[in-house]
Engineer: 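Provided herewith is a single structure, encoded as structure tokens, for subsequent inquiry.
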Amino acid sequence: MKIKQIEVFSVNLPLIKPFIISYATYPYIRSIIVKLTTECGLVGWGESVPDEHITGETPDSAYAMLKNTLAPLLIGKNPMEFEKIHEIMDKSVHRAPAAKAAIDIACFDVVGKKLGVPVYQLLGGRYHEKFPVTHVLSIDEPEKMADEAEEKIKEGYRSFKMKVGVDVSGDVKRIKAVRERVGEDIAIRVDVNQGWENSANTLQALRQLEFLGLDWLEQPVVQDDIDAMVEIKSKSSIPLMIDEGLRNMNDMRQIIAKRAADKVNIKLMKCGGIYPAMKLANMAEMAGIECQIGSMVESSIGSAAGFHVAFSKKIIKSVELTGPVKFSKDIGDLKESYIIPFIQLNERPGLGVAVDEAVLAELTQYKDLIQ
């Protein structure tokens with residue numbers, strides 16, 4: 001099986017409501033969709049959702065990287081040779097993980113279809129039967145976040161990720177307001193997205209949050225300050241998760257060596273796709289560090305890729321792949337698998353996502369064909 005052509009689409013995915021985190025507000029998500037076609041006529045779909053604050057790529061740069069560099073290199077190559085595909089990409093381009101993820105995901109999708117099995121069967125088989133779905137609360141006023149949490153509980157959600165990171169005192173009020181509104185039995189995870197910047201600000205917040213029963217605190221400090229994570233972990237009873245600070249195997253080695261986190265958030269867009277994500281999960285498993293699979297708010301394609309990784313590994317204990325339920329229009333049908341409060345994957349070959357090419361055409365801003 002050889003890759004015959006690769007088509008690249010720049011799309012705008014419309015959100016039901018703006019997505020607000022500490023460093024940005026997104027009225028919609030800019031995504032790059034890859035359609036990989038083999039000589040035997042099979043099609044694999046991939047996705048790239050870069051973030052210049054984390055992956056060092058913009059949507060425009062990732063699109064150009066795929067169009068001008070990565071896709072031309074891979075025409076005529078065997079998509080089943082995952083290690084070799086990544087070697088070719090890595091020798092050509094340093095990092096650019098989100099661009100590489102689109103190719104990686106498309107390769108896994110088309111190989112699964114060729115063999116007639118879901119992608120998770122290519123990763124060791126299915127371990128988990130279903131995962132709880134966590135609703136993400138964008139940054140807002142304390143009462144508005146509490147109102148949204150209360151509304152989502154009525155819809156069946158039992159866990160929340162709170163986006164904070166604006167200012168310590170205001171963030172503490174946001175977290176307390178949600179906890180008071182939802183009660184003690186609902187899981188709350190707090191994601192600061194680097195917004196508290198350093199250990200001093202974080203420890204100030206922790207003194208007021210210690211007794212709120214939080215599941216974990218995620219990336220309170222800037223991404224490259226591993227030593228600050230070490231200090232916070234040593235002084236806090238709240239489990240600490242690293243996200244932006246984990247992008248590749250070198251980062252994971254540091255985290256393990258310094259015991260810098262209780263949990264790690266693996267994102268396919270940060271590490272380069274399904275194949276590198278499995279390597280990170282294996283490293284974490286050897287060190288006894290629990291994993292989560294997160295996302296950059298991807299469509300059904302990127303979200304499905306993350307789910308296949310998550311469903312295949314015992315060490316992966318949670319998922320936060322909520323893109324398909326945040327979009328007013330999506331190019332795939334993964335939303336059908338969200339049966340709140342759980343998600344359960346289908347058993348269709350490849351990613352298991354049926355792409356609506358009419359919707360893709362509607363949302364496409366521009367496209368290129370490489371053959």
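Values in this document were obtained by computation on a predicted structure and should not be read as measured data.
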Engineer: Checking Gln121 against Ser312 for the side-chain contact (heavy atoms from CB on, under 4.5 Å) test, could you report, in this order, the C-alpha distance in whole Å, the side-chain angles of both residues, the deciding distance, and whether it holds?
Structural biologist: CA-CA 8 Å; Gln121 296 291 8; Ser312 72; over 6 Å; no

Engineer: Main chain of Leu351, side chain of Arg348: is a donor-acceptor contact present, judged purely on distance under 3.5 Å?
Structural biologist: no

Engineer: Without swapping roles, check the side chain of Ser303 against the backbone of Ser299 for a donor-acceptor pair under 3.5 Å.
Structural biologist: yes

Engineer: To the nearest 0.5 Å, what is the distance between CG (Asn78) and CD1 (Ile85)?
Structural biologist: 7.5 Å

Engineer: With the threshold set at 4.0 Å, does a side-chain nitrogen-carboxylate oxygen contact exist between Asp215 and Lys161?
Structural biologist: no

Engineer: Between the side chains of Tyr275 and Glu83, is a donor N or O closer than 3.5 angstrom to an acceptor N or O?
Structural biologist: yes

Engineer: Is Asp104 salt-bridged to Lys100, cutoff N-O under 4.0 Å?
Structural biologist: no

Engineer: Is the shortest distance from a Lys or Arg side-chain nitrogen in Lys35 or Glu357 to a carboxylate oxygen in the other one below 4.0 Å?
Structural biologist: yes

Engineer: So that I can tick it off, tell me whether Glu290 and Lys263 are bridged by a salt bridge, with the cut-off set at under 4.0 angstrom between side-chain N and carboxylate O.
Structural biologist: yes

Engineer: Check whether the side chains of Asp171 and Trp196 place a donor and an acceptor atom closer than 3.5 Å, and report yes or no.
Structural biologist: yes

Engineer: Could you tell me whether the side chain of Glu298 and the main chain of Met296 form a donor-acceptor pair under 3.5 Å?
Structural biologist: yes

Engineer: Please assess Glu244 against Gln223 for the test side chain to side chain donor-acceptor pair (under 3.5 Å), listing each intermediate value before the final yes or no.
Structural biologist: CA-CA 5 Å; Glu244 289 93 330; Gln223 57 188 320; over 6 Å; no

Engineer: Checking Lys130 against Phe342: charged group under 6.0 Å from the ring centre and within 45 degrees of the axis?
Structural biologist: yes

Engineer: What I want to find out is whether Glu218 reaches Arg189 closely enough, with some N-O distance under 4.0 Å, to be called a salt bridge.
Structural biologist: no

Engineer: With sequence neighbours excluded, tell me which residues meet salt bridge (charged side-chain N to carboxylate O under 4.0 Å, His left out) with Lys317.
Structural biologist: none

Engineer: Charged N to carboxylate O below 4.0 Å: is that the case for Lys152 and Glu148?
Structural biologist: no

Engineer: Is it true that a side-chain atom of Ser159 and a backbone atom of Ala187 form a donor plus acceptor pair closer than 3.5 Å?
Structural biologist: no

Engineer: Can a salt bridge be assigned to the pair Lys267 and Asp243 using a cut-off of 4.0 Å between side-chain N and carboxylate O?
Structural biologist: yes

Engineer: Does this structure show an ion pair linking Arg181 with Asp147, if we count only N-O contacts that are shorter than 4.0 Å?
Structural biologist: yes

Engineer: Go through the side-chain N and O atoms of Asn248 and Lys270 and say whether any donor and acceptor fall under 3.5 Å apart.
Structural biologist: no

Engineer: Report yes or no: does Thr55 contribute a side-chain atom to a donor-acceptor pair with the main-chain N or O of Glu57 at less than 3.5 Å?
Structural biologist: yes

Engineer: Looking at CG of Leu66 and CE of Met89, how far apart are the two atoms once the value is rounded to the nearest 0.5 Å?
Structural biologist: 9.0 Å

Engineer: Taking atom OG of Ser31 and atom OH of Tyr63, what is their separation to the nearest 0.5 Å?
Structural biologist: 12.0 Å

Engineer: In this structure, would Ile186 and Val190 fall into the same cluster of hydrophobic residues linked by side-chain contacts under 4.5 Å?
Structural biologist: yes

Engineer: Please check this pair: side chain of Arg179 against backbone of Gly213, looking for a donor-acceptor N/O pair closer than 3.5 Å.
Structural biologist: yes

Engineer: Just by distance, no angles: are the side chains of Gln365 and Ser10 close enough, under 3.5 Å, to form a donor-acceptor pair?
Structural biologist: no

Engineer: Determine, for Lys77 against Glu81, whether the closest basic-nitrogen to carboxylate-oxygen distance falls under 4.0 angstrom.
Structural biologist: no

Engineer: With rounding to the nearest 0.5 Å, note down the distance linking CG in Leu123 to CZ in Phe311.
Structural biologist: 13.0 Å

Engineer: State the OG-CG distance between Ser199 and Asp225, to the nearest 0.5 angstrom.
Structural biologist: 7.0 Å

Engineer: Salt bridge between Asp60 and Arg30, side-chain N to carboxylate O under 4.0 Å?
Structural biologist: yes

Engineer: Rounded to the nearest 0.5 Å, how far does CE of Met241 lie from SG of Cys291?
Structural biologist: 8.5 Å

Engineer: Can you tell me which residue among Gln219, Lys163, His53 is in a side chain to side chain donor-acceptor pair (under 3.5 Å) with Asn193?
Structural biologist: Lys163

Engineer: Whether the side chain of Asp333 engages the backbone of Ala354 through a donor-acceptor N/O pair (distance < 3.5 Å, no angle test) should be reported.
Structural biologist: yes

Engineer: Treating Ile, Leu, Val, Met, Phe, Trp and Tyr as nodes and any side-chain heavy-atom pair under 4.5 angstrom as an edge, say whether Val178 and Ile139 lie in one connected cluster.
Structural biologist: no

Engineer: Examine distances only and state if a side-chain atom of Glu47 and a backbone atom of Ala102 form a donor-acceptor pair shorter than 3.5 Å.
Structural biologist: no

Engineer: Quick one: does Thr58's side chain have a donor or acceptor within less than 3.5 Å of a partner on Ser61's backbone?
Structural biologist: yes

Engineer: Looking at His308 and Tyr120, would you say the former's side chain and the latter's main chain have a donor-acceptor pair under 3.5 Å?
Structural biologist: yes

